[in-house]
Every structure is written in structure tokens, then in C-alpha cells.
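Since the structure comes first, as C-alpha cells, the remarks are kept for the end.
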Amino acid sequence: MNYLKDKQYYINRYDLLTIKECLKVVEIFRDIYQTGLNNKELKDVPKNDKYSDTTKIMYWMLWMTQAQEYKLKKERINEWMEADRIKQEKYDNAIEPQNTHCPSCKAEMQATNTKHLEDYSDQPMRVMFLFRCSKCKKQEWVYGDRKIRVSKPDLCPKCGKEIKVKHTKKGQVITWVRKCNSCGHSEKEVDNFEKRNQEYLQREQEDKKLLENYRTDFCLTDKVGEKYLFELEAMEYAQQIQKEARQKYNNSAYAQVSKIKRLTIVNLEKLLTDILEKAHYTKLSFSSPEIGQFIFAPFTLQDADTSRRSNISISTLEKLLKTTLVNINWRLTDSIDYRLGFLSGRLKGYEREEDLLRLYEKKKEPQKPLDPEKRMKYSASNWVRFAELRGEQEGIEAVRKRRLEKEPDGFFLDAEAYHNCGICYEGHYGNEIWWNLDGIRCADCWINIKAGVIPSLKKHLFDNEDEWIANSQLKSKYNIHLSTVKKLRREGLLHGRDLKRSNGSIYETIYLVSENQEFLKKYPRIKEEINSSIFTLDLTGHAVQIGKVPSEL
Ligand SMILES: [Zn+2]
Ligand SMILES: [Zn+2]
Ligand SMILES: [Zn+2]
């Protein structure tokens with residue numbers, strides 16, 4: 001008996017499973033596409049779009065399936081071969097028992113050279129040998145330890161008593177008849193060996209065809225497989241990176257600064273007076289400040305608690321100031337001086353965002369970094385780079401949203417980053433970009449929104465045409481030239497809202513869709529040619545063209 005086959009047998013077996021998995025994916029998406037074609041809710045989506053969208057996701061799923069299948073291939077094949085090798089060794093090395101006697105007549109039995117491996121899932125494997133009694137000719141299966149196999153009696157499915165089994169053979173057909181003497185129940189089973197064999201050969205033929213047709217498409221070579229695996233692992237790693245980047249931003253100076261209260265000297269004085277007086281420090285007063293990049297405010301006060309010694313008085317005040325100022329834009333600088341119950345010192349005021357950031361950056365706690373070896377390995381992967389950016393973006397977004405609690409209208413961003421205004425598209429550094437949940441706007445556009453020239457538009461340029469239309473879009477999307485625009489506005493068909501800078505010059509005009517229904521009816525948007533190419537993502541997450549849409553799928 002051959003349990004262990006050559007390696008190709010196992011490769012075929014595994015590849016077949018892979019092919020069937022992949023075909024399942026194709027089948028699922030074919031169904032989705034078909035259902036989508038007849039879906040009433042999607043009746044406005046062009047067929048090409050349905051096809052290309054479904055195909056994109058299908059290729060993506062196929063990619064994942066292929067990578068997952070490849071990942072387990074070697075391991076699974078080794079497991080199968082190992083299991084069969086164990087069987088083979090057990091079978092080959094089993095030693096025939098000596099001196100076995102017939103259980104009926106006690107005569108010695110002769111080996112017949114037939115052996116069989118018994119392999120039940122709930123018992124250890126055993127090899128048994130077929131022996132024949134030299135005297136009464138009865139045959140028995142005998143295990144290596146000379147124990148004779150006791151066949152379990154067939155039981156009647158109706159009454160549970162022992163049932164009699166008879167079989168008759170006619171050519172390739174064996175008929176089994178089971179008859180119960182107790183209750184009279186009987187059943188017949190026809191085993192057509194030839195038919196079974198044909199079915200087996202047919203299945204084998206089908207499998208062979210599947211392998212021929214799809215192996216190169218669905219089963220990855222080592223070279224491609226390793227590349228897929230790298231990307232798969234990079235993707236898994238990318239999730240960690242994204243989380244880390246988000247977290248980093250959340251713990252960052254930026255997040256701390258967003259919580260800071262910015263107090264003027266008057267507010268500060270009021271806050272400190274209340275707190276200090278409770279601790280018996282009185283008559284807080286600030287003398288004239290030194291104003292430069294920072295503001296230094298010298299102060300004096302008196303210790304009303306005459307029993308306090310100078311060092312205790314100083315340290316108590318220091319501690320009090322430190323805890324009070326922790327979330328405020330003022331810090332104690334220099335040491336506090338104590339003379340005859342007078343205490344004096346200087347507070348430093350931070351005004352600019354970047355100075356506050358620096359103040360907190362120093363204290364930033366080092367995070368436990370992710371495995372540096374993995375970081376090296378996957379750093380080039382687009383998944384990882386993209387995830388890192390996304391994580392940072394999410395972190396920044398979360399911090400900004402928290403800051404909105406204090407400044408619900410929004411705020412200017414950090415100076416470092418460069419952004420384009422979502423309305424006029426002019427580029428500015430962050431300190432000239434206003435942020436709130438509606439989007440990012442340059443200072444000028446924000447002034448126009450605040451002045452009510454335009455509503456707080458929700459849509460950004462390039463994604464805006466169901467809410468508003470920009471001047472430049474009138475030409476590119478509606479083919480209306482500047483002279484015509486002027487004419488239409490004069491005639492009152494086109495309603496524009498002019499955005500002005502502080503010097504009065506008009507820098508952009510916004511046409512609200514809600515105000516221009518009549519105009520849009522007369523001047524509909526130019527129809528663009530539908531791109532019928534199908535794109536999918538390649539290994540590195542880039543879109544690649546995989547072909548034109550056939551007229552019928
Ligand atoms: Zn016998
Ligand atoms: Zn019965
Ligand atoms: Zn703008």
C-alpha cells in the first residue's frame with residue numbers, strides 16, 4: 001500500500017484548494033454584479049461603473065485570498081506529507097505475529113501476505129494481518145500483538161438487535177442485504193464498483209482541468225508569493241503603525257497645547273489672587289512687563305502667615321504656582337526671592353502656538369517604539385507609509401476636535417504645515433488657515449464667511465458642484481466665458497457672491513447652486529466622457545489598468 005506519494009501530488013492537492021477558494025470569490029462577485037444590475041436603487045449608476053467597482057473589489061479580495069493561501073502552502077504540504085510518512089512507516093515496518101492459533105479450532109493459522117492499516121481518529125494506528133486457519137479454513141485479522149480482531153456486529157437500525165448481512169457479487173456489482181430476524185426489518189445496498197470508479201475518474205479529470213486552467217492565475221510562484229506575503233505582512237504591520245502614529249499625536253505637545261488656557265495678565269492676576277489668598281499670600285501686584293518674544297511679568301506679594309520661615313514660604317509658593325499654571329500659558333521663571341515677608345519673582349507669558357509647543361515638547365515622554373527590525377523591513381511599503389500618514393491625520397483631527405470644545409468657531413492652525421484653502425484654493429501656511437468641522441479656509445475666505453457674504457460651505461473645491469460652483473468651474477465645467485458671465489449676471493440669471501479681501505479687491509466669486517436653479521437648467525454641465533478602463537490595485541497599492549470593459553460580462 002502506498003500512503004506516501006510524491007511531492008507533486010500534495011502540491012496539486014493544495015493548489016486545487018486554492019483554485020476553488022479563488023473561484024468562490026469570483027462567483028460571489030459575479031452574483032454581486034448581477035444583483036447590482038437589477039437593483040432599482042442603483043439604476044442611476046452607469047453599468048461601466050458597476051462593473052469597474054465590482055471588479056476592483058473582486059481583484060482586491062482575490063489578491064488577499066491568494067496571499068493567504070500562499071502563506072500556508074508550504075506548512076500545510078509538509079503536514080500532509082509528514083502524516084502520510086508516519087502511516088507509510090507504520091505499515092512498512094509492521095512485523096507479522098508468530099504462532100497464532102485459530103479461535104474456533106485452536107489449530108495454527110497461516111499468514112496470507114495481506115495486511116491493512118487500521119486508522120481510526122479516536123485510536124492509535126494499528127496494522128493487522130490476514131491469517132487463514134490451516135484446519136477449518138476460517139480467516140481472521142490478527143494484530144501484531146497476536147490479538148484477534150473482533151468485528152463489531154451490525155445492529156438493526158429499528159430494534160437495535162444484531163442483524164444478518166449477506167452479499168452477492170455479480171460482475172462489478174455487489175449487493176448487500178441486511179435482514180433482522182427479530183423485527184423483520186431489511187435493507188438492500190447496491191455497490192456498483194464500476195460506476196464508483198467512473199465517478200472517481202471523472203472527478204480526477206475535472207480536477208486536472210481546474211489545475212490546467214487556473215493554476216498559473218491563482219497559485220503563486222515562490223517569487224510572486226513572497227512579494228505578496230511581504231505586502232500582506234506590511235499591511236498587518238501598517239495597522240500597528242497607524243495606531244502608533246495616531247497615539248503619538250494624541251500624546252504630543254500639540255495635544256497638550258490644545259488644552260491650554262490662554263490668559264491675559266488681568267485674568268491671570270484675578271486667578272492667582274484668589275488662589276494665593278487662600279494660602280495666606282496677599283497683595284499680589286505686577287510691575288511693568290518686559291515685552292519681547294515672550295512677556296515677562298515681575299510680581300511681588302506678601303506672606304501674611306508670619307510663622308512661615310523663608311524657605312518654607314518660597315517652596316509653598318513655588319508649588320502653588322506650578323500646579324495652578326500647569327494648563328495655562330504662563331510659567332514661573334527664575335527663582336523666588338524672600339525678604340522680610342516680601343516675595344518676588346517673574347512669570348513668563350507664552351503667546352504663540354509654536355512657543356507653547358516647544359514648552360511641552362521638552363516634557364514629552366518617550367514612547368515604547370515598535371520592533372525596529374520590522375520597521376526597517378517594511379518602511380518602504382506603501383501600506384506602512386500610507387498608514388503612518390493616516391494615523392497622524394487621525395491624531396491631528398482628534399486633537400483639533402478636542403480643541404473645538406474651547407473654541408467652537410474654529411481656530412488658525414500651526415504655522416509649519418502648508419494648506420490650500422478649500423474654497424479659493426490659495427495656498428497658505430497654517431497660521432493663515434482657519435479650521436473647523438466645515439473644512440479649511442484661508443483667512444480671507446473665513447472673513448467672508450463670518451461677514452455672511454457666503455454661508456459656511458460644507459463642500460470643498462473639486463467636490464463642490466452640488467452645493468456651489470467656483471468662477472473657474474463655470475468655464476471648465478459649463479463652458480461659460482468671462483464675458484458671458486458678466487452678461488448673465490447683469491441680466492440677473494446668474495447670481496454670484498463676490499469674495500473680497502480687506503483692501504476691497506474681489507479674489508473669487510461663488511455661485512450657490514440653490515440660488516442658480518434657473519441658470520443651471522439653461523446651462524447644464526458639460527457631459528464628460530466616461531472612462532471605460534478598469535483599474536485595480538497592484539501589489540504596492542497603486543492603481544493599474546487591467547483592461548477595457550467588455551460590452552457584456
Ligand atoms: Zn480453525
Ligand atoms: Zn430489528
Ligand atoms: Zn480662500
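Keep in mind that the numbers below use all heavy atoms, side chains included, and drop hydrogens, waters and symmetry copies. Ligands are counted one by one from 1 in listed order, and the atoms in each one are counted from 1 as well.
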Open item on the list: Can you confirm if the aromatic rings of F462 and Y425 lie within a centre distance of less than 6.0 Å?
Closed with: yes

Open item on the list: Exactly one of E189, K166, K164 should register a side chain to side chain contact (heavy atoms under 4.5 Å, CB included) with R178. Which one does?
Closed with: E189

Open item on the list: Within less than 2.8 Å, report the number of protein N/O/S atoms around the Zn ion (ligand 3).
Closed with: 4

Task: Pairwise distance CD1(I95) to NZ(K115) - rounded to 0.5 angstrom - done: 10.0 Å

- [ ] Examine W435 together with F411 and report whether their ring centres are nearer than 6.0 Å.
- [x] yes

TODO: Provide the tally of protein N/O/S atoms nearer than 2.8 Å to the Zn ion (ligand 2).
DONE: 4

TODO: May I ask you to test the L512-L457 pair for a side-chain heavy-atom distance under 4.5 Å?
DONE: yes

TODO: Look at the side chain of S505 and the backbone N and O of R501, then say whether any donor-acceptor pair between them is shorter than 3.5 Å.
DONE: no

Open item on the list: Taking salt bridge (Lys or Arg N to Asp or Glu O under 4.0 Å) as the cut-off, I'd like each qualifying pair that reaches into residues 455-466, sequence neighbours left out, listed once.
Closed with: D438-K458, K459-D466, E465-K477, E465-R525

Task: K50 NZ: over 12 foreign heavy atoms closer than 6.0 Å - done: yes

Task: Minimum-distance pair of heavy atoms, taken over all atoms of M109 and C133 - done: CG-CA, 3.8 Å

Open item on the list: Hydrogens and angles aside, do Y511 and N471 bring a side-chain donor and acceptor to less than 3.5 Å of each other?
Closed with: yes

TODO: Please confirm whether K500 makes a cation-pi placement over Y507, using NZ or CZ under 6.0 Å from the six-membered ring centre and within 45° of the ring normal.
DONE: no

Open item on the list: Given a threshold of 2.8 Å, state how many protein N/O/S atoms are nearer than that to the Zn ion (ligand 1).
Closed with: 4

TODO: Kindly confirm or rule out a cation-pi arrangement of K348 over F294, judged by NZ or CZ under 6.0 Å from the six-membered ring centre and within 45° of its axis?
DONE: yes

Task: Centroid separation Y418 to Y429 less than 6.0 Å - done: yes

